[in-house]
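Accompanying notes for the structure given below.
All ligand and atom numbering here is 1-based and tracks the order in the structure. Values in this document were obtained by computation on a predicted structure and should not be read as measured data.
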Amino acid sequence: MSTNLIILGPPGAGKGTQAVRIAEEMELKHLSTGDLLREEVAEGTELGSKAREFMNRGELVPDELILSMIAVHFDGQDSRGWILDGFPRSLNQARALSDILREKGIELDNVILLDISPETVISRITGRRVCSSCGAVYNISSMEGDRCTECGGELIIRDDDREETVRRRFEVYRKQTEPLIEYYSGEEGLMLKVDAGAGIDEITESILDGIKEA
Ligand code: AP5
């Protein structure tokens with residue numbers, strides 16, 4: 001049996017942190033459009049150079065670029081299931097995903113909504129450090145040393161974590177991504193709202209409990 005999940009929430013809510021843990025625990029494929037885009041940027045591909053200007057301004061990368069990138073990495077048919085992190089992020093993307101799933105007869109099990117106050121996310125984002133080599137995510141409040149504990153890489157601040165860009169990313173979330181909450185609220189039991197202001201372990205536990213109950 002497979003489990004198919006979306007994790008949704010504002011910038012810095014902890015989507016990546018939780019998606020990695022849930023994917024590991026449940027042996028799911030983890031697909032993060034933010035990570036895929038950063039790889040494209042680092043490799044200097046045509047998509048990466050187009051995406052970079054939108055990302056650095058805190059805007060969404062246009063839907064057609066995202067959907068063509070998703071088509072390369074995602075067909076919905078992983079045997080254990082998947083968790084989508086950062087996708088869909090607009091109503092167009094959500095409708096496109098619904099079409100893909102409907103066409104293939106695949107069911108979405110839960111949309112995990114990380115519920116958190118803007119003040120908490122700002123402090124998380126400004127404290128975030130990422131490994132320049134493997135992309136592992138840390139926070140200055142809990143880091144041990146200044147190198148990546150996974151691969152020894154240098155820990156850096158993400159290009160789009162500057163304060164004015166973070167503010168813009170928030171506005172964009174409110175306008176373009178928040179409407180997805182209503183889009184997915186129609187189906188009973190699909191939306192799993194979790195208090196994302198809690199500790200990392202506690203949140204993982206709530207998500208795993210919620211999924212099991214669904
Ligand atoms: P993306 O990388 O998806 O960025 P985001 O949604 O803004 O989310 P973040 O990565 O900032 O945060 P997160 O929720 O994953 O939090 P994290 O776990 O790191 O996208 C970047 C850009 O790419 C977008 O702005 C857009 O331009 C483009 N893009 C991507 N997908 C797109 C799409 N589908 N369509 C169009 N454009 C797209 O945690 C944050 C920090 O908090 C870390 O330091 C972490 O260690 C810490 N932390 C996490 N949980 C806790 C906790 N419980 N307690 C204390 N600290 C915590």
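- Ligand 1 has at least one atom lying under 4.0 Å from a heavy atom of G12.
- Contact check on E171 versus R167 returns no salt bridge, with no Lys/Arg side-chain nitrogen under 4.0 Å from an Asp/Glu carboxylate oxygen.
- Among residue pairs with one or both ends in residues 14-25, those qualifying as salt bridge (Lys or Arg N to Asp or Glu O under 4.0 Å) are R21-D201; sequence neighbours excluded.
- Salt bridge E164/R168: absent, no basic N to carboxylate O contact under 4.0 Å.
- Side-chain contact of S90 with N92: a donor-acceptor pair under 3.5 Å is absent, judged by distance alone.
- Within the 4.0 Å heavy-atom cutoff, A51 does not count among the residues contacting ligand 1.
- Remark: ligand 1 and G16 share an N or O pair separated by less than 3.5 Å (distance only, no angle test).
- Short contacts between ligand 1 and E59, defined as distances under 4.0 Å to a heavy atom of the residue, involve ligand atoms 26 (C), 27 (O).
- Remark: among candidates K15, M69, R52, the nearest residue to atom 13 (P) of ligand 1 is K15, based on non-hydrogen atoms.
- Inclusion of V61 in the set of residues having an N or O under 3.5 Å from an N or O of ligand 1 is warranted.
- Among protein heavy atoms, atom 4 (O) of ligand 1 sits closest to R158 NH2, 3.3 Å.
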Exercise for the section: Apply the test side chain to side chain donor-acceptor pair (under 3.5 Å) to residues S133 and E154: give CA-CA distance (whole Å), side-chain angles for both, the deciding distance (0.1 Å), then the verdict. Expected result: CA-CA 7 Å; S133 176; E154 188 191 356; over 6 Å; no
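- Protein heavy atom closest to atom 29 (N) of ligand 1, with residue, atom name and distance, is L37 CD1, 3.4 Å.
- Distances between N or O atoms of G58 and those of ligand 1 include no value under 3.5 Å.
- Look at E202 and you'll find every heavy atom at least 4.0 Å from all atoms of ligand 1.
- Residue-to-ligand polar distances place R124 within reach of ligand 1: an N/O pair is separated by less than 3.5 Å.
- At a 3.5 angstrom cut-off on N or O pairs, R129 does not count as close to ligand 1.
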Exercise for the section: Give the C-alpha distance, both sets of side-chain angles, the deciding distance and a yes or no for side-chain contact (heavy atoms from CB on, under 4.5 Å) between D109 and I211. Expected result: CA-CA 8 Å; D109 294 293; I211 292 169; over 6 Å; no
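- Not one N or O of L60 is nearer than 3.5 Å to an N or O of ligand 1, by distance alone.
- The N/O atoms of P88, backbone and side chain alike, include none that comes under 3.5 Å of an N/O atom in ligand 1.
- A salt bridge is defined here as a Lys NZ or Arg NE, NH1 or NH2 lying under 4.0 Å from an Asp or Glu carboxylate O, and D161 with R169 meets this definition.
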